[in-house]
Protein chains: 2
Amino acid sequence: MASHRIGALAERTGTNAATIRYYEGIGLLPRPDRQEGNQRRYGDDDVRRLTFIRRCRDFGFSIEQVRTLTSLVEDRSRSCLEARDLAHAHLVAVRTKLRELRALEKSIAQFVEVCDAECVGGPGPDCVILDDLSGKRPIASSCCGTA
Amino acid sequence: MASHRIGALAERTGTNAATIRYYEGIGLLPRPDRQEGNQRRYGDDDVRRLTFIRRCRDFGFSIEQVRTLTSLVEDRSRSCLEARDLAHAHLVAVRTKLRELRALEKSIAQFVEVCDAECVGGPGPDCVILDDLSGKRPIASSCCGTA
DNA sequence: CCTTGAACCTCAAGTTACTTCAACTTGTAT
DNA sequence: ATACAAGTTGAAGTAACTTGAGGTTCAAGG
């Protein structure tokens with residue numbers, strides 16, 4: 001049985017040690033055994049569990065959602081379909097965000113392009129390209145006229 | 001000149017009224033005029049500005065980053081090239097976020113797919129798809145065997 | 001054996017970006 | 001006139017951590 005101290009667990013899972021203690025505090029991780037000098041000792045199960053938690057968090061699940069998911073992992077009498085539904089709901093949210101982000105990327109890229117094309121002669125106080133970002137006018141038109 | 005009260009501005013921009021007051025408090029939005037009874041009145045400029053802020057926030061830019069961007073929009077004496085550079089830096093950030101989000105979408109979708117494919121016969125106590133998330137095994141394989 | 005420095009401990013407070021609440025005032029519709 | 005929705009303020013609460021203070025414990029070198 002591999003036994004890790006908090007630093008090793010932290011490194012293995014890419015988690016801050018303080019965050020591990022925090023998770024223990026809120027009951028997301030079980031209280032581990034302690035060695036002689038009161039230091040926490042973790043086993044491979046803990047590595048797996050924390051990896052799972054971190055991955056879910058990275059995926060944007062809230063702590064409460066992760067709690068639900070881990071309880072599903074723990075309690076096999078409950079349906080894996082429940083997990084599927086949770087993941088599916090999350091997928092929908094991710095896809096919405098993705099669509100919006102793509103639109104944003106497009107408009108910023110366009111903005112930068114216009115800048116490159118029209119600001120080369122040097123900027124002026126009447127440059128209007130900043131209006132683009134605030135939606136004052138549609139992107140692309142004249143820019144940087146020196147008064 | 002269209003003049004909105006806080007509720008109208010909130011609805012138009014998809015922002016909580018409390019958040020609007022909060023933005024005012026931290027100086028992200030200018031203090032608006034007040035009507036007779038001390039209620040805030042906003043114009044179309046405010047609608048645009050808040051729309052811009054919300055858009056940036058939705059895409060993960062911090063309040064401080066948004067502050068920089070809006071100051072560029074506001075202060076015309078500064079170079080539009082500065083705005084270009086900032087926008088370009090933001091574009092890089094957005095693209096990174098996009099990549100991450102796409103990867104996320106892919107893995108959640110895959111997870112849901114595996115669930116759909118393998119859990120249709122009904123879940124069992126030995127369902128192992130949850131192991132996928134904890135990294136016990138690679139995604140995709142048998143699932144939900146009823147003991 | 002002793003010391004030194006990294007890693008660990010606890011508990012408290014700080015951070016970001018809001019949201020919620022209480023207690024009150026104003027605006028609007030019947 | 002009377003509701004009642006929408007607005008006001010200031011303070012406190014929330015999520016999910018992070019940072020800090022002040023004190024142990026552990027592993028290595030002299």
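Just so it is clear, the values below take in all heavy atoms, side chains as well, and ignore hydrogens, waters and symmetry mates. All chains are named by letter (A, B, ...) in the order of the sequence lines, taking the proteins before the strands, and each is independently numbered beginning at 1.
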Every protein N/O lying under 3.5 Å from an N/O of nucleotides 12-14 of chain D:
none

I'd like a table of atom pairs between the protein and nucleotides 23-27 of chain C - only N or O on both sides, under 3.5 Å - with the distance next to each one.
residue	atom	partner	partner atom	Å
C:dG27	OP1	B:Q35	NE2	3.3
C:dG27	OP1	B:G37	N	3.2

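Residues passing the side chain to side chain contact (heavy atoms under 4.5 Å, CB included) test with B:D33: none are found, sequence neighbours excluded. The side chain to side chain donor-acceptor pair (under 3.5 Å) test applied to A:Q35 returns A:R41, not counting sequence neighbours. In this structure B:Y22 satisfies the side chain to side chain contact (heavy atoms under 4.5 Å, CB included) test together with B:I26, sequence neighbours excluded. In terms of the side chain to side chain donor-acceptor pair (under 3.5 Å) criterion, B:T19 has no residue partners (sequence neighbours excluded). By the side chain to side chain contact (heavy atoms under 4.5 Å, CB included) test, A:E64 is found to be paired with A:S62, A:R67, residues two or more places apart in sequence or in another chain being considered. Residues satisfying the side chain to side chain donor-acceptor pair (under 3.5 Å) criterion with A:Q65, sequence neighbours excluded, are absent altogether. Partners of A:R95 by salt bridge (Lys or Arg N to Asp or Glu O under 4.0 Å), not counting sequence neighbours, listed by chain and number: B:E105. Every residue two or more places apart in sequence or in another chain that forms a side chain to side chain contact (heavy atoms under 4.5 Å, CB included) with A:R40 is listed here: A:I6, A:R21, A:E24, A:P32, A:R34, A:Y42.
The nearest whole Å value for the distance from the CD1 atom in A:I53 to the P atom in D:dC17 is 10 Å. The nearest whole Å value for the distance from the CD1 atom in B:I6 to the P atom in D:dG7 is 7 Å. For the pair A:L28 CG and D:dC17 P, the interatomic distance rounds to 9 Å; values are reported in whole Å. Taking atom CD of B:E64 as the reference point, atom C1' of C:dA17 lies 11 Å away to the nearest angstrom. For B:R67 and C:dT16, the CZ to C1' distance is 12 Å, given to the nearest whole Å. Atom-to-atom, CZ of A:R57 to C1' of D:dA16 comes out at 6 Å; the value is rounded to the nearest Å. Between the CG atom of B:D33 and the C1' atom of D:dT8 there is a distance of 17 Å, rounded to whole Å. Rounded to a whole Å, the CZ atom of B:R31 is 13 Å from the P atom of D:dT8.
A heavy atom closer than 4.0 Å to some atom of DNA chain D occurs in B:R21, these being the qualifying members of residues 11-26 of chain B.
Comparing the local axis fitted to the first five base pairs of the helix from C:dC1-D:dG30 to C:dT30-D:dA1 with the one fitted to its last five gives a bend of 10°, rounded to 10°.
Put simply, A:R34 has no side-chain N or O that comes within less than 4.0 Å of OP1 or OP2 on D:dT25.
In summary, B:R49 and B:D46 do not engage in a salt bridge, as defined by a charged side-chain N under 4.0 Å from a carboxylate O.
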